[in-house]
Amino acid sequence: MSLLSDLINLNLSETTEKVIAEYIWIGGSGMDMRSKARTLPGPVDDPSKLPKWNYDGSSTGQAPGEDSEVILYPQAIFRDPFRRGKNILVMCDAYTPAGEPIPTNKRHGAANIFSRPEVVAEEPWYGIEQEYTLLQKDTKWPLGWPVGGYPGPQGPYYCGAGADKAFGRDIVDAHYKACLYAGIDISGINGEVMPGQWEFQVGPVVGISAGDQVWVARYILERIAEIAGVVVSFDPKPVQGDWNGAGAHTNYSTKSMRADGGYEVIKEAIVKLGNRHQEHIAAYGEGNERRLTGRHETADIKSFKWGVANRGASVRVGRDTEKEGKGYFEDRRPASNMDPYVVTSMVAETTILLKP
């Protein structure tokens with residue numbers, strides 16, 4: 001008698017050319033990830049060769065019941081770390097049957113910005129630091145915390161090791177390897193300041209691919225946590241009080257910033273970001289006012305300031321960038337629940353397309 005694990009791990013390539021494609025999209029809340037699978041006659045490595053598909057938008061909060069069909073357009077392909085073999089994960093965006101992007105489709109607008117000749121010429125690079133908190137499924141309280149109580153104060157947990165400091169490392173490491181398998185440019189992981197909170201980094205990645213990769217990395221994390229019976233929270237302040245919030249610091253550079261003399265370009269870009277501070281804050285994630293208080297390594301949400309090696313700034317420039325006169329900067333304002341399509345394209349729009 002076969003075990004369930006044996007059937008889950010069946011190698012399809014031994015008996016068929018057919019492969020399974022898991023179509024992934026973003027649901028009506030802007031943060032919930034949905035997916036469903038279909039069989040393809042053979043391997044596919046080009047999203048333009050994949051068939052469009054549809055789903056019931058009335059069940060995801062994206063269409064009325066009397067006109068519920070929403071169309072999925074495949075946009076990016078990744079290897080499937082769960083089914084493995086030649087099976088794939090497919091990141092999609094969503095459209096009406098008439099071909100119009102639905103309101104929650106933020107990828108479409110981002111792709112328009114990244115396709116602008118001025119933006120293409122600057123080759124914008126992104127490195128996104130995605131923080132998240134692992135929660136106990138039944139209590140929705142951080143993993144490793146006593147039920148209804150609190151652990152010791154912050155200090156020993158950041159990049160810590162040991163059963164009393166690091167909670168959920170098996171999930172985190174499984175996610176790291178699964179992302180590498182999938183073809184995501186995940187560049188690292190670390191335990192964060194609040195116990196039960198972790199971070200993974202994606203990048204450097206160019207343009208629209210940054211959003212695709214962060215969303216699929218989030219999806220893979222949700223699936224692994226599902227297996228482990230743990231809940232993933234992207235809330236920017238999951239626990240009130242003297243605990244760090246969760247952000248998605250966005251590291252950014254353009255070709256001009258990476259070239260000799262790029263530090264002046266960086267400073268000009270930061271001025272532009274400051275001039276549009278409120279517009280960026282409005283697009284940088286819900287509940288961010290609970291995180292950007294001026295405490296716990298943040299700048300106050302109402303003000304904009306930048307500095308070198310200052311983790312209490314809105315935008316931080318590294319010492320190496322200042323010393324070398326070129327490089328990148330870090331926008332520390334985005335919340336952990338930000339939409340990477342929105343944030344990456346808005347940074348490019350403000351710094352490249354906006355005139356001084």
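Think of Val193 as one node in a network of Ile, Leu, Val, Met, Phe, Trp and Tyr side chains linked at under 4.5 Å; its network also takes in Tyr158.
A donor-acceptor pair under 3.5 Å is absent between the side-chain atoms of Arg38 and the main chain of Ala21, judged by distance alone. Using modelled atom types, no side-chain atom of Ser233 and backbone atom of Val231 make a donor-acceptor pair closer than 3.5 Å.
Applying the ring-ring contact (aromatic ring centres under 6.0 Å, His included) test to pairs two or more places apart or on separate chains, those with a residue in residues 15-46 are Tyr23-Trp53, Trp25-Tyr55.
Taking 4.5 Å as the limit, some side-chain heavy atom of Ile301 sits within range of a side-chain heavy atom of Ile281. Residues His108 and Tyr95 have side chains in contact (heavy-atom distance under 4.5 Å, counting atoms from C-beta outward).
The structure places CD of Glu129 at 8.0 Å from CD of Glu192, a figure rounded to the nearest 0.5 Å.
For Lys106 and Asp93, the salt-bridge test fails: no basic side-chain N is under 4.0 Å from an acidic carboxylate O. Checked for salt-bridge contact, Asp32 and Arg34 meet the test: a charged N lies under 4.0 Å from a carboxylate O. Using a 4.0 Å cut-off between charged side-chain N and carboxylate O, Glu122 and Lys255 make no salt bridge. Remark: Arg116 engages Glu118 in a salt bridge, criterion side-chain N to carboxylate O under 4.0 Å. The pair Asp300-Arg295 does not meet the salt-bridge criterion, since no charged nitrogen lies less than 4.0 angstrom from a carboxylate oxygen. Of the charged side-chain nitrogens involved, at least one lies within less than 4.0 Å of a carboxylate oxygen, so that Arg83 and Asp80 count as a salt-bridged pair.
Grouping the Ile, Leu, Val, Met, Phe, Trp and Tyr side chains by contacts below 4.5 angstrom, directly or via other members, places Tyr150 with Met194.
By the 6.0 Å contact criterion, NZ on Lys267 is enclosed, its count of non-hydrogen atoms from other residues, nucleotides or ligands being greater than 12. Few gaps surround CD on Glu279; more than 12 heavy atoms of other groups in view lie less than 6.0 Å from it.
Between Phe329 and Tyr252, the distance from one ring center to the other falls under 6.0 angstrom.
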For Arg290 and Asp235, what are the C-alpha separation, side-chain angles and deciding distance, and is it a salt bridge (Lys or Arg N to Asp or Glu O under 4.0 Å)?
CA-CA 10 Å; Arg290 293 183 281 116; Asp235 190 295; 3.0 Å; yes
